[in-house]
J.: 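The structure that follows is given in the form of structure tokens.
Note that the numbering runs from 1 along the sequence shown for the chain. Only this structure's heavy atoms are used, side chains among them; waters, hydrogens and symmetry mates stay out. As the structure lists them, so they are numbered: ligands from 1, and atoms in each ligand from 1.
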Amino acid sequence: MEEVIKIEGGHLLEGEVTISGAKNATVALIPAAVLASGPVTIVGIPQIADVNNLCEILHILNIEVIKVADDHLIIDPTNMKNVDLVDEAVTKLRASYYFMGALLGKYGHVRMKMPGGCYLGPRPIDLHIKGFEALGATVKFEKGCYDITATELKGTKIFLDISSVGATINIMMAAVYAKGRTTIENAAKEPEIIDVATLLNKMGAKVRGAGTNVITIDGVDTLSGCFHEIIPDRIEAGTFIVIAAACAKKMRINNVIPQHLDALLSKLEEMGVKMHVGIDYVEIEHSDNLKGTDVTTKPYPGFATDLQQPLTVLMTQAHGESKVEDTIYPERFKHCYELAKMGANIEVRNGEADIEGPTPLGGTDVTATDLRCGAAMVVAGLIADGVTTISDIYHIDRGYSELDTKLTNLGAKIWRESK
Ligand code: EPU
């Protein structure tokens with residue numbers, strides 16, 4: 001039976017929330033762990049459905065997974081077997097594609113189904129494939145399955161036409177055991193890439209330059225187990241910061257690396273949000289008379305596409321015109337149609353949305369069409385008059401750890417019902 005999230009809006013939130021480990025780092029760190037020959041301990045694991053699906057894939061590969069605590073896993077690939085990944089778990093998330101780079105890197109062969117994930121318009125993986133081919137692999141796609149094989153992987157220079165997060169991480173993982181030096185030019189610079197490089201280096205890899213647009217990987221012969229703590233989730237943090245700006249009396253968001261959120265924080269400051277930025281926390285105070293603003297999404301350190309959806313909701317409450325342009329995913333605007341059902345004044349066209357505010361929002365039935373649209377619906381539900389019912393919440397559960405508990409502790413009225 002399908003569950004829905006219900007939110008009774010209009011309550012001012014107050015208190016503290018602690019941000020979990022980064023989803024988009026975790027979903028790469030778990031596949032990266034299989035490159036080791038011994039146990040890899042990872043702490044700060046968020047409690048999200050994507051992690052459960054990745055663990056299911058680890059089981060299929062005969063990898064032992066010990067859950068020491070909710071946020072603490074030991075992944076032991078000592079007895080792993082490189083079997084075909086054709087189960088449903090692969091199609092439930094996009095990040096299953098990191099097993100391509102990891103298994104190709106370790107065994108020179110991988111066969112797996114097409115990955116799944118949020119539909120944000122077309123999401124090709126041609127750059128991943130070109131990277132594997134440049135390293136010496138042959139890639140075939142037949143009957144919905146990728147078959148990637150290499151007799152030997154050799155380091156080379158790879159220029160990415162687009163600085164793709166996924167392609168950068170996948171190529172890094174495929175190259176750790178390759179002969180010689182691999183150079184990724186126009187690499188993506190997202191903090192999650194640094195986190196994966198840090199794990200690989202702790203295992204004994206030689207990855208340099210992560211966080212810049214040129215990454216070099218010098219191939220090694222062995223990688224061992226290690227201990228790693230995941231960086232805080234900048235998108236979850238940004239979502240709570242937007243929630244605080246929209247409907248909190250005062251909120252402190254803990255376990256944050258504020259530098260990762262510079263683009264969001266400066267936009268919020270421009271809108272008139274009162275904040276105090278600490279070393280590892282952000283405090284937001286109740287702010288009236290917010291002003292509209294313009295946002296254009298860009299690769300890091302630009303404004304994150306994952307945060308434009310929650311921010312759109314705040315824009316509906318700001319005075320004057322706001323504009324959102326998404327250059328990464330021009331079709332990532334489904335949340336706008338849902339917000340319009342709640343009373344927002346939004347016009348969507350060609351990769352951008354114009355918002356005229358402020359408009360009161362009213363609770364109604366809405367759909368989480370993708371993960372961050374779901375986050376936007378939660379923000380909207382918290383400020384709307386009456387009750388908002390959000391369906392397709394499996395998208396939200398794929399990416400937000402203990403969302404209901406965190407919001408309830410802040411004073412929100414949020415609950416789940418079976419439909
Ligand atoms: N692209 C290509 N070819 C490729 C790869 C990407 O054309 O082979 C294009 C994409 O279509 C997109 C752009 O390049 O227009 C950037 O895509 P990127 O590869 O960087 O995105 P991703 O790795 O698929 C990750 C996050 C997304 C986040 C984007 C952008 C994970 C698991 N996902 O996706 O997160 O939006 O980077 O920062 O890390 C989310 O968390 O809700 C989410 C969708």
Side-chain angles (χ1 to χ4, degrees), residues 20-32 46 48-51 53-54 92-101 114-134 139 141 146 158-174 184 186-196 213 230-231 233-239 260 263-264 296-310 325-335 351 368-376 394-401:
S20 300
K23 166 199 163 251
N24 286 345
T26 308
V27 297
L29 292 167
I30 292 176
I48 53 175
D50 274 8
V51 166
N53 281 311
L54 289 170
K92 285 193 178 156
L93 74 166
R94 182 159 176 84
S96 50
Y97 62 28
Y98 288 131
F99 282 104
M100 285 183 183
M114 186 77 188
C118 290
Y119 182 78
L120 310 173
R123 296 179 76 184
I125 58 167
D126 54 310
L127 300 172
H128 306 229
I129 302 298
K130 278 187 199 164
F132 299 148
E133 286 173 339
V139 183
F141 184 68
Y146 284 96
I158 297 168
F159 181 89
L160 296 179
D161 294 339
I162 303 172
S163 59
S164 152
V165 175
T168 302
I169 294 178
N170 237 338
I171 294 168
M172 244 164 45
M173 296 207 282
I184 310 175
N186 197 29
K189 297 183 282 197
E190 271 68 3
E192 292 74 19
I193 292 164
I194 305 179
D195 210 27
V196 176
N213 55 11
I230 304 168
I231 56 167
D233 194 314
R234 62 195 168 98
I235 309 300
E236 187 198 12
T239 304
H260 291 173
L264 173 72
T296 303
T297 68
K298 290 273 166 65
Y300 186 84
F303 194 96
T305 166
D306 300 337
L307 286 173
Q308 63 89 348
Q309 291 163 292
E325 189 189 351
D326 200 320
T327 66
I328 314 280
Y329 297 116
E331 291 183 36
R332 200 175 198 173
F333 285 101
K334 295 214 181 83
H335 61 296
T369 58
D370 56 77
L371 169 58
R372 308 300 170 187
C373 166
Y394 60 91
H395 283 298
I396 300 177
D397 292 337
R398 282 193 34 232
Y400 284 89
S401 186

J.: Looking at CG of Asp161 and CZ of Phe159, how far apart are the two atoms once the value is rounded to the nearest 0.5 Å?
T.: 6.5 Å
J.: Does ligand 1 have a heavy atom under 4.0 Å from the side chain of Lys23, from its backbone, from both, or from neither?
T.: side chain
J.: Counting heavy atoms only, which part of Tyr300 comes closer than 4.0 Å to ligand 1: side chain, backbone, both or neither?
T.: neither
J.: Pick one: which of Ile48, Ile235, Asp233 meets side-chain contact (heavy atoms from CB on, under 4.5 Å) with Tyr400?
T.: Ile235
J.: Side chain, backbone, both or neither: which part of Asp306 has a heavy atom under 4.0 Å from ligand 1?
T.: side chain
J.: Under a 4.0 angstrom heavy-atom cut-off, which atoms of ligand 1 come close to Val165?
T.: 18 (P), 19 (O), 20 (O), 23 (O), 37 (O)
J.: Do the side chains of Ile230 and Leu29 get nearer than 4.5 Å, heavy atoms only?
T.: yes
J.: Can you sort out which atoms of ligand 1 are near Ile125, meaning under 4.0 Å from one of its heavy atoms?
T.: 4 (C), 8 (O)
J.: How many angstroms lie between CD1 in Ile184 and CD1 in Ile171, if you round to the nearest 0.5 Å?
T.: 5.0 Å
J.: Tell me every residue that passes salt bridge (Lys or Arg N to Asp or Glu O under 4.0 Å) with Glu236, counting only those two or more places apart in sequence or in another chain.
T.: Lys406
J.: Pull out every atom of ligand 1 sitting under 4.0 Å from any heavy atom of Leu371, numbered as shown with elements.
T.: 42 (O)
J.: Is any side-chain N of the basic residue among Arg332 and Asp306 closer than 4.0 Å to the acidic one's carboxylate O?
T.: yes
J.: Under 4.0 Å from a heavy atom of Tyr329: give me the atoms of ligand 1 that qualify, with their elements.
T.: 12 (C), 17 (O), 21 (O), 22 (P), 24 (O), 29 (C), 34 (O), 36 (O)
J.: With a 4.0 Å cut-off on N to O distance, would you call Glu192 and Lys23 a salt bridge?
T.: no
J.: Answer yes or no: does an N/O atom from Ile162 fall short of 3.5 Å to an N/O atom of ligand 1?
T.: no
J.: Compile the donor-acceptor pairs under 3.5 Å between side chains in residues 125-132 and protein atoms, sequence neighbours left out, one pair per line.
T.:
unit_1	atom_1	unit_2	atom_2	d
His128	ND1	Asn170	ND2	3.1
His128	NE2	Ala167	N	3.4

J.: Would you say His335 and Asp370 make side-chain contact, with heavy atoms under 4.5 Å?
T.: no
J.: For atom 4 (C) of ligand 1, which of Ala95, Ser164, Gly131, Pro124 has the closest heavy atom?
T.: Pro124
J.: So between Arg94, Glu190, Arg332, Glu236, whose heavy atom ends up nearest atom 44 (C) of ligand 1?
T.: Arg332
J.: Under 4.5 Å between any side-chain heavy atoms of Tyr146 and Met114, yes or no?
T.: yes
J.: Side chain, backbone, both or neither: which applies to Thr305 and ligand 1 if a contact is any heavy-atom pair less than 4.0 Å apart?
T.: side chain
J.: Show the atoms of ligand 1 that are less than 4.0 angstrom away from any heavy atom in Tyr97.
T.: 22 (P), 23 (O), 24 (O)
J.: Backbone, side chain, both or neither: what part of Ile328 comes under 4.0 angstrom of ligand 1, heavy atoms only?
T.: both
J.: Going by distance only, is there an N or O of Ala167 that falls short of 3.5 Å from an N or O of ligand 1?
T.: no
J.: Any nitrogen or oxygen of Gly166, side chain or backbone, less than 3.5 Å from one on ligand 1?
T.: yes
